[in-house]
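Quick notes on the structure that follows.
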Amino acid sequence: MAKVCQLFSGSSGNSIFISYKDTKILVDAGVSNKRICTALDEIGESADELSAIFITHEHIDHTSGLRVLASRHNIPVFAHSAVIDKMISENIINDKVDIHPIESNMELGGCEILPFALSHDSVSCHGYRFNLANGRSIGICTDTGYVTNEARQTLCGSDLVFLESNHEVTMLQNGSYPYYLKKRILGDFGHLSNYASSQFAKELVSSGTTRLVLAHLSRENNLPEIARQTALSALLDEGFEENRDYRLYISAPINDEKAISL
């Protein structure tokens, strides 16, 4: 049985834990080593047992704890080559980190990892699908201005998907953010709105996805209940009912739910 848990979510830091048999993976390390170790301990896990860290992109809310975590616990790090170069140039990582480029599908401890391109204002941004040996699959699709064709092709049929639902458009438009930041978030290299997320959620559930985790919610421009109701409404329009056809979770900034089992 696999165990999956979003440890941290949002602009203050992101990290997702995936475990299957002896393979234990962290996707992103956007908070300090200490906080990640504490969060892992709270779900009965240890950083010393991590098999790998996969990085989606170089932004600090996905990498701030990476250098210390990876070097202190001897964890190999995988990322797109452009992201690796950027992290080195910005001193996010150094030569004490065991870093490996990932440009295409790979295998790790019986788990197949499929990277796919997203659209974000980073040097490169990738989501991942993890195909486990038990036939289950987990997808991660956050930090993208729109749902790319690669995301659609790779994620459809996944059992569990972490899907960005960053902002409610009207809240963002009427909020306190400066114009340039609003434009960035709303653009093709920004973040998925609740509505855009809900439309992709329909495609995912139609393809067989049974668990959705709405992630990377903005604290300033969204509310968990708004994101949830937008997704529920869109799925109900397609005839899907919660707890019959799918389960819906909302990621809090700091994990306050038990890990999901697959």
Side-chain angles (χ1 to χ4, degrees), residues 1-56 61-66 69-70 73 75-78 108-114 126-143 155 158-166 197 201 204 209-217 219 224 227-228 231 242-243 246-262:
M1 181 178 292
K3 179 166 71 172
V4 188
C5 186
Q6 178 119 41
L7 303 178
F8 301 93
S9 179
S11 58
S12 60
N14 297 271
S15 189
I16 295 171
F17 173 78
I18 299 170
S19 173
Y20 178 68
K21 293 187 176 180
D22 295 329
T23 302
K24 300 176 186 291
I25 292 168
L26 204 67
V27 180
D28 289 331
V31 301
S32 70
N33 168 69
K34 181 179 180 179
R35 293 180 67 194
I36 288 174
C37 289
T38 298
L40 288 171
D41 183 65
E42 288 174 350
I43 60 170
E45 302 291 344
S46 169
D48 290 326
E49 297 179 356
L50 288 173
S51 309
I53 303 171
F54 286 83
I55 298 298
T56 57
D61 58 323
H62 295 259
T63 60
S64 65
L66 177 61
L69 178 68
H73 302 278
I75 309 165
V77 174
F78 295 84
L108 179 71
C111 174
E112 182 186 24
I113 298 101
L114 289 67
H126 284 75
Y128 296 101
R129 174 169 171 162
F130 299 88
N131 291 333
L132 309 180
N134 66 354
R136 299 291 192 175
S137 53
I138 301 151
I140 298 172
C141 182
T142 62
D143 293 80
L155 288 178
S158 300
D159 294 287
L160 164 65
V161 175
F162 289 86
L163 177 60
E164 180 169 59
S165 191
N166 177 257
S197 177
L204 290 169
T209 298
T210 58
R211 292 171 176 83
L212 290 167
V213 183
L214 302 184
H216 214 305
L217 274 67
R219 294 189 185 188
R228 176 179 174 80
E242 187 182 16
N243 298 322
Y246 66 93
R247 293 181 182 178
L248 183 65
Y249 306 86
I250 309 291
S251 284
I254 299 175
N255 176 54
D256 61 356
E257 292 193 40
K258 295 179 180 179
I260 300 170
S261 297
L262 284 175

Compare all side-chain heavy atoms of [X] with those of [Y] and state whether any distance is below 4.5 angstrom.
X: S12; Y: R219; value: yes
X: I25; Y: V27; value: yes
X: F8; Y: D61; value: no
X: L50; Y: L40; value: yes

Treating [X] as the side-chain partner and [Y] as the backbone partner, does any N or O pair qualify as donor plus acceptor under 3.5 Å?
X: S15; Y: G30; result: no
X: S32; Y: R35; result: yes
X: T209; Y: L160; result: no

Could you go step by step and tell me if F54 and L108 meet the side chain to side chain contact (heavy atoms under 4.5 Å, CB included) rule? CA-CA 11 Å; F54 286 83; L108 179 71; 4.2 Å; yes

Spacing of [X] atom [atom1] and [Y] atom [atom2] [to the nearest 0.5 Å]:
X: I138; Y: L155; atom1: CD1; atom2: CG; answer: 12.0 Å
X: S64; Y: I36; atom1: OG; atom2: CD1; answer: 7.0 Å
X: S165; Y: L212; atom1: OG; atom2: CG; answer: 10.5 Å
X: I75; Y: E49; atom1: CD1; atom2: CD; answer: 11.0 Å
X: T56; Y: Y128; atom1: OG1; atom2: OH; answer: 7.0 Å
X: I53; Y: F78; atom1: CD1; atom2: CZ; answer: 10.5 Å

Apply the test side chain to side chain contact (heavy atoms under 4.5 Å, CB included) to residues S251 and L217: give CA-CA distance (whole Å), side-chain angles for both, the deciding distance (0.1 Å), then the verdict. CA-CA 8 Å; S251 284; L217 274 67; 5.8 Å; no

I need the minimum non-hydrogen distance between [X] and [Y], along with the two atoms involved.
X: R129; Y: N131; result: NE-OD1, 2.8 Å
X: T23; Y: G109; result: OG1-O, 3.0 Å
X: L214; Y: A231; result: CD1-CB, 4.1 Å
X: L69; Y: C37; result: CD1-SG, 4.4 Å
X: H216; Y: D143; result: CD2-OD1, 3.1 Å
X: F162; Y: Q6; result: CD2-OE1, 3.2 Å

Run through S19, C111, S137 and flag the one making a side-chain contact (heavy atoms from CB on, under 4.5 Å) with L132. C111

Start with the C-alpha distance between I260 and R211, add both sets of side-chain angles, then the distance that settles side chain to side chain contact (heavy atoms under 4.5 Å, CB included), and finish with yes or no. CA-CA 9 Å; I260 300 170; R211 292 171 176 83; 3.7 Å; yes

Is it the case that atom CG in N243 sees more than 12 heavy atoms from other parts of the structure closer than 6.0 Å?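 Yes - once you tally the heavy atoms of other residues, nucleotides and ligands closer than 6.0 Å, there are more than 12.
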
Pair K3, F17 - check side chain to side chain contact (heavy atoms under 4.5 Å, CB included), show working. CA-CA 8 Å; K3 179 166 71 172; F17 173 78; 4.1 Å; yes

